Amino acid sequence: MIEFRLESRSGIAPYLQIVQQVKHALRLGMLRSGDQLPTVKEVVGSIAINPNTVLKAYRELEHEGLVEGRPGVGTFVLKGLDGPPPHAHAALRRSLLRWIRNALEAGLDHESVEALFDSTFREASEEEIA
Amino acid sequence: MNALEASGLGKRYGKKWALENCSFELPAGSISGLVGPNGAGKTTLLHIAVGLLEQTKGSIRILGERPGDPSVLSRVGFVAQDTPLYKYFSVADMISFGEHMNASFDLAFVRERMSRLEIPLDQRAGSLSGGQRAQVALALALAKRPEILLLDEPLASLDPLARREFLQILMEGIADSGVTVVLSSHLLADLERVCDHMMVLARGRFRLIADTNDILKNHKVLIGPRERAGAISGVAQVLHQSTTDRQATLLVRTNGPIIDPSWMVNQTSLEDVVLAYLDSRSAVDANDHELHALREVAR
Amino acid sequence: MIWVAWRQHRKQALIEAGVVAVAAVLLLLSGYQMLHVFKSSGLANCLATAGADCGDLRDSFTNHYNGYQFMIPLFLLAPVLFGMFFGAPLISREIENGTHRLAWTQGVTRKRWISARALMVVGFALAGSAALAGLVTWWSSPLVSSSSSGRFSPGIFDLRGIVPVAYAIFAVMLGLAIGALVKKTLPAIGLTLAGFAAVRVPIILYVRRYYMTAKTVVTPFGQFKGPHPIGGNPWVISQNTIDRVGTIVGRGGDLNFDYLAARCPGITPPIPGPGQAFKQAGPDVVNSCINRLGLRLSTTYQPAHRYWTFQWIEFGIFIALALVLAWFVVRRVRRLA
């Protein structure tokens with residue numbers, strides 16, 4: 001059974017953290033199709049967080065088609081998450097290197113590059129969910 | 001129907017107003033944190049909501065009725081500050097007390113709770129530890145199966161472990177029942193993980209009433225050169241500003257994305273935001289329309 | 001709510017039961033002994049015989065049991081002790097400990113809460129005070145029969161019959177009311193004692209005599225001080241010496257020798273002037289002076305047969321006061337913040 005953790009100072013919304021932890025588990029095979037996710041009651045009983053947070057996370061996962069909620073029974077995994085196809089990684093790596101080089105050439109220092117990446121990445125994650 | 005709502009609520013003691021012009025609406029099923037320094041008026045507000053005090057001005061409705069009305073007495077759960085229990089009663093006596101004072105009372109629930117927490121039924125309530133007393137008081141309040149539960153600083157005198165246990169049990173109880181909760185505290189860290197809504201109270205007035213997620217989304221810390229600290233696109237209001245000779249650090253409320261490259265945009269913590277609103281220099285009044293950002297929690 | 005009220009007051013009830021039991025044992029033991037002496041000394045028979053002079057037997061009996069006089073103030077205190085023990089701490093302790101924040105946010109209205117608890121403690125006080133009143137009435141009978149004052153006189157009236165029960169109920173209500181006002185236990189207990197005295201004392205001294213119109217009878221002076229011209233053991237409210245036209249010339253039924261000396265030669269004033277030897281004139285001289293001046297004894301009293309009427313009137317008064325206090329207590333508790 002998966003156990004969740006809440007990082008209170010990470011700046012990432014709690015429900016997103018849960019979504020990410022589920023997806024991570026799916027990717028690594030720790031959660032497989034047919035497995036049951038812990039009930040809301042079990043989650044909040046172990047890490048004291050708002051039940052609504054858990055509900056929102058599960059709803060989001062359901063919306064993405066990864067899990068299915070069966071009323072009266074629980075929430076179950078529908079399908080696993082494959083990693084991206086192997087060649088996608090290499091192509092993405094190459095375009096990222098290009099971007100980093102461009103940024104450095106434009107005059108940004110290392111910290112600025114990181115900060116720009118972080119804030120844009122966060123924006124993109126929230127957009128994706130919204 | 002809102003589980004708890006108030007309009008223009010005020011309470012005066014002699015010449016001093018302990019609460020002034022307080023208005024809010026808490027939808028059913030929400031978990032709200034009432035935050036503020038000691039003496040802000042949190043206890044006064046909660047006592048008015050449960051019928052222990054009467055307001056001087058304004059109106060308040062709990063589950064649609066007047067506080068203390070016989071029709072809501074058994075539907076409202078309350079745990080007072082310092083969790084008062086009858087010192088000479090045993091835990092079993094306190095359970096019987098709850099059973100005889102309430103029309104519906106889930107005996108099995110309380111007994112199971114006590115055995116899970118390993119609190120002996122024959123122990124005198126006066127000799128329980130702070131954490132155990134809080135758990136007993138919470139169990140008694142939850143056993144009523146209330147529709148709304150109000151807790152006045154339940155974590156105040158608990159050590160960190162006891163606090164975590166209390167919150168776990170509380171959240172479990174909520175997950176079970178969909179009860180609306182109002183929880184007052186001056187410890188933000190605990191409220192942050194647990195509350196949908198934050199109500200920040202200082203000196204009898206609300207400074208901020210908003211959704212927790214919205215607060216984090218709409219407040220940022222900007223770091224940048226001091227001379228650029230003027231009107232920045234995307235900033236609705238600067239709540240706090242500290243400057244050195246070259247640099248300015250601003251805690252702001254946003255109304256759009258900050259794309260100005262001179263500013264490094266950082267996340268802020270709930271604590272920093274709340275502290276900024278509590279600081280009287282920022283002089284904000286939460287009845288300002290823009291700050292009212294309560295959302296219905298769809299269940 | 002009944003369970004809750006019992007659980008909160010059961011220790012008090014047990015203490016009360018214990019104290020009353022101890023008192024009962026003491027009263028029964030000493031009472032039977034006293035009764036035995038009352039009969040065996042012949043005093044009982046003597047008192048039952050009309051016209052008999054039981055003076056000597058009486059004196060010897062009263063002297064023998066002189067020590068029991070100390071019981072009187074103790075039993076006069078008993079009713080207020082119920083108030084201080086059951087009434088005063090009930091509301092004040094609840095507020096002092098903050099447990100009212102627990103009790104008044106359950107499923108029971110404040111009115112029901114206070115009504116159940118108040119009725120329970122009043123019930124305890126009623127039971128205890130009735131037991132004590134019955135015992136004390138029985139126990140004190142020989143003493144009262146042999147005394148000159150009788151059961152109707154102030155102090156004795158308050159110990160016997162049904163009035164002690166009314167006092168106790170009143171005291172409990174007074175304690176509740178003061179506790180609700182003062183909200184601190186120790187001051188409430190003290191103020192209950194003070195308040196109780198502030199009501200009881202004026203009633204004994206000034207009010208009781210007016211329950212029914214008192215009777216007055218005028219009798220001649222037989223000797224220096226007349227015996228009771230009235231039958232039974234009435235409550236003598238006052239006795240005065242009056243002259244021919246009815247003016248009071250001496251209070252308390254004693255002869256005013258100043259007055260006599262000023263009007264009759266040969267009678268020495270109580271404090272003789274310089275040069276005068278103190279030797280009071282003989283009874284004949286005094287009597288002829290009295291007759292010449294037309295002095296008589298005026299006695300204002302309540303007849304003995306009105307004893308039970310007075311008991312019921314005073315009982316009613318204190319129960320009425322208790323009911324007014326009860327209304328106040330419920331109102332106050334409902335509005336307490």
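Treat the numbers as computed from the prediction; the structure is a model and nothing was measured. What you see below is based on every heavy atom in this structure, not just the backbone, and it leaves out hydrogens, waters and symmetry mates. Every chain is numbered from 1, with letters handed out A, B, ... down the list of sequences.
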Asks: Who wins among B:I169, B:D176, B:L167 for the most heavy-atom pairs under 4.5 Å with chain A?
Replies: B:D176
Asks: Measure the CD-CG distance between B:Q267 and A:D118 for me, rounded to the nearest 0.5 Å.
Replies: 10.0 Å
Asks: Quick one: what part of A:S112 sits under 4.5 Å from any heavy atom of chain B, side chain, backbone, both or neither?
Replies: neither
Asks: Just checking A:E114: does its CD atom have more than 12 heavy atoms from other residues, nucleotides or ligands closer to it than 6.0 angstrom?
Replies: no
Asks: Between B:E172 and A:K41, which heavy-atom pair has the shortest distance, and what is it?
Replies: CG-O, 3.7 Å
Asks: Please give me the minimum heavy-atom distance between A:V40 and B:A175, naming the atom from each residue.
Replies: CG1-CB, 4.1 Å
Asks: How close do A:A48 and B:V194 get, counting heavy atoms only, and between which atoms?
Replies: O-CG2, 3.6 Å
Asks: For the CD atom on A:E3, are there more than 12 heavy atoms of other groups (residues, nucleotides or ligands in this structure) within a distance under 6.0 Å?
Replies: no
Asks: How far apart are the closest heavy atoms of A:N52 and B:G29, and which atoms are they?
Replies: ND2-O, 3.9 Å
Asks: When rounded to the nearest 0.5 angstrom, what is the spacing between CE in B:M264 and CG in A:L116?
Replies: 12.0 Å
Asks: Give the C-alpha distance, both sets of side-chain angles, the deciding distance and a yes or no for side-chain contact (heavy atoms from CB on, under 4.5 Å) between B:R164 and A:I47.
Replies: CA-CA 8 Å; B:R164 181 52 57 93; A:I47 51 165; 5.8 Å; no
Asks: Can you give me the closest heavy-atom contact between A:S46 and B:Q168, atom names plus distance?
Replies: O-NE2, 2.8 Å
Asks: Can you check whether A:T53 reaches B:M171 side chain to side chain, under 4.5 Å on heavy atoms?
Replies: no
Asks: With rounding to the nearest 0.5 angstrom, report the CG to CZ distance, A:N50 to B:R193.
Replies: 11.0 Å
